[in-house]
There are 2 protein chains.
Amino acid sequence: MPCFSRTFTVTTDDPLALDHFLCFAVYSVSHAFTRVYKPLLDRLGLTYTQYLAMAVLWERDDQTVGSIGERLHLESSTLTPLLKRLEQSGYVARARDPADERQVRLSLTASGRSLKAKAAHIPACILKATGLSLRELSRVKADLEKLRHALECYEGK
Amino acid sequence: MPCFSRTFTVTTDDPLALDHFLCFAVYSVSHAFTRVYKPLLDRLGLTYTQYLAMAVLWERDDQTVGSIGERLHLESSTLTPLLKRLEQSGYVARARDPADERQVRLSLTASGRSLKAKAAHIPACILKATGLSLRELSRVKADLEKLRHALECYEGK
DNA sequence: TGCAATATAGTCGTGTGCGATTCAATTGCA
DNA sequence: TGCAATTGAATCGCACACGACTATATTGCA
């Protein structure tokens with residue numbers, strides 16, 4: 001591309017430069033979050049994704065694999081092994097729904113319910129780590145939710 | 001399928017509610033990006049992370065595993081197998097640096113260099129998928145970079 | 001100069017993630 | 001009612017992602 005066709009030329013003009021990728025910003029923040037969570041979750045015996053699954057069940061107990069997956073945007077191929085590990089850890093119980101034997105219902109054990117209290121301090125720790133005010137956090141989160149919606153609408157086109 | 005309008009606002013005080021998690025917003029957008037990229041990258045024979053690694057090399061050829069890892073915030077245990085797969089695909093060459101045999105230098109092959117032209121249309125496709133203007137995209141990206149910096153500073157404390 | 005400390009990739013084990021497929025249960029319709 | 005289509009979870013293969021560890025090369029300092 002000849003230079004005369006451009007109003008100004010900078011080294012960062014290249015659209016394929018990593019620093020232009022919104023996706024990379026999201027990707028790297030996601031990993032950074034996981035690393036901040038790790039020491040906090042290690043003490044609960046949870047991985048990051050397991051923590052998300054527990055949060056879904058803390059909100060509403062007794063859900064199917066499918067409904068948890070819909071909430072977390074994850075496939076059964078991801079969730080089934082993960083939920084089996086949570087069962088191994090003693091936090092959830094898995095049982096076929098007698099009314100519809102295709103479904104598997106996940107319910108919290110006593111240990112899983114009491115884990116919520118042990119996790120109660122985490123959101124404040126994370127908020128501190130983000131260095132954001134609650135207002136800023138809300139705004140960034142809203143931007144991301146709007147973005148997720150747009151990306152999901154675009155899929156399959 | 002596309003466009004379930006699940007952008008309802010939940011009114012709960014529970015800090016452990018999934019909808020309060022900034023991390024989950026980031027996490028789910030990251031996966032949504034991957035899913036939008038997939039059909040575009042399939043035609044190039046790249047995975048999403050491989051695409052990021054190629055972008056790093058398109059910016060500057062002939063880098064070590066370490067410098068690529070620093071750029072992408074990834075460990076050698078992640079990069080080594082990934083770069084070997086890029087070598088298998090014929091896009092990069094791997095060679096020990098004669099001046100320092102500890103380092104492995106990655107360089108683009110002719111095929112790897114010409115792949116950049118085949119990827120040139122992708123950023124515009126992604127921009128369209130985000131539904132954002134360039135200005136909005138810049139703002140969200142800046143917010144995320146600031147956030148990543150805060151999280152990385154917090155690590156190890 | 002010798003050797004301990006450090007740096008750099010690589011290996012291994014565990015845990016996501018997903019697409020393609022499978023299997024069993026349920027549904028719907030001729 | 002019978003059976004084809006659909007649904008829900010599980011399985012399998014592949015590719016990240018990282019922590020802990022290893023092997024080799026280099027550096028730095030007594």
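Values reported hereafter were calculated over all heavy atoms of this structure, with side chains retained and with hydrogens, waters and symmetry mates removed. All chains are named by letter (A, B, ...) in the order of the sequence lines, taking the proteins before the strands, and each is independently numbered beginning at 1. Note that the coordinates shown come from a computational prediction; the quantities given were computed from them, not determined experimentally.
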A:H31 side-chain proximity, nearest of D:dA15, D:dA10, D:dA17: D:dA17
Can you tell which of D:dA10, C:dG15, D:dT26 lies closest to the side chain of A:R94? D:dA10
Any N or O donor-acceptor pair linking the side chain of A:T49 to the base of C:dG17 at under 3.5 Å? no
Can you find a donor-acceptor N/O pair under 3.5 angstrom joining the side chain of A:R102 to the base of D:dT7? yes
Quick one: B:L83 CG to C:dT11 P, roughly how many Å, whole number? 12 Å
Closest to the A:Q103 side chain: D:dA15, D:dG8, C:dT16? D:dG8
Nearest to the A:Y27 side chain among D:dA9, D:dA17, C:dA25, which nucleotide is it? D:dA17
Salt bridge check, B:D19 against A:R71: does any charged N sit closer than 4.0 Å to a carboxylate O? yes
With a 3.5 Å cut-off and heavy atoms only, can you find an N or O donor on one side and an acceptor on the other between the side chain of B:S76 and the base of C:dG10? yes
Report the nucleotide, chosen from C:dA9, C:dT16, C:dC18, that has the shortest atom-to-atom distance to any side-chain atom of A:E75. C:dC18
Report, as yes or no, whether the 6.0 Å neighbourhood of atom NE2 on B:H149 holds more than 12 heavy atoms from other residues, nucleotides or ligands. no
Inspect the surroundings of CD in A:E101 and state if more than 12 heavy atoms from other residues, nucleotides or ligands are less than 6.0 Å away. yes
Indicate, yes or no, whether a donor-acceptor pair under 3.5 Å links the base of D:dG19 to the side chain of B:S77. yes
Please report whether the ring centroid of B:Y27 lies less than 6.0 Å from that of B:F21. no
Which one, C:dG10, C:dA25, C:dC18, comes nearest to the side chain of B:V65? C:dG10
Measure from the side-chain heavy atoms of A:T47 and tell me the nearest of D:dG19, C:dG10, C:dT16. C:dT16
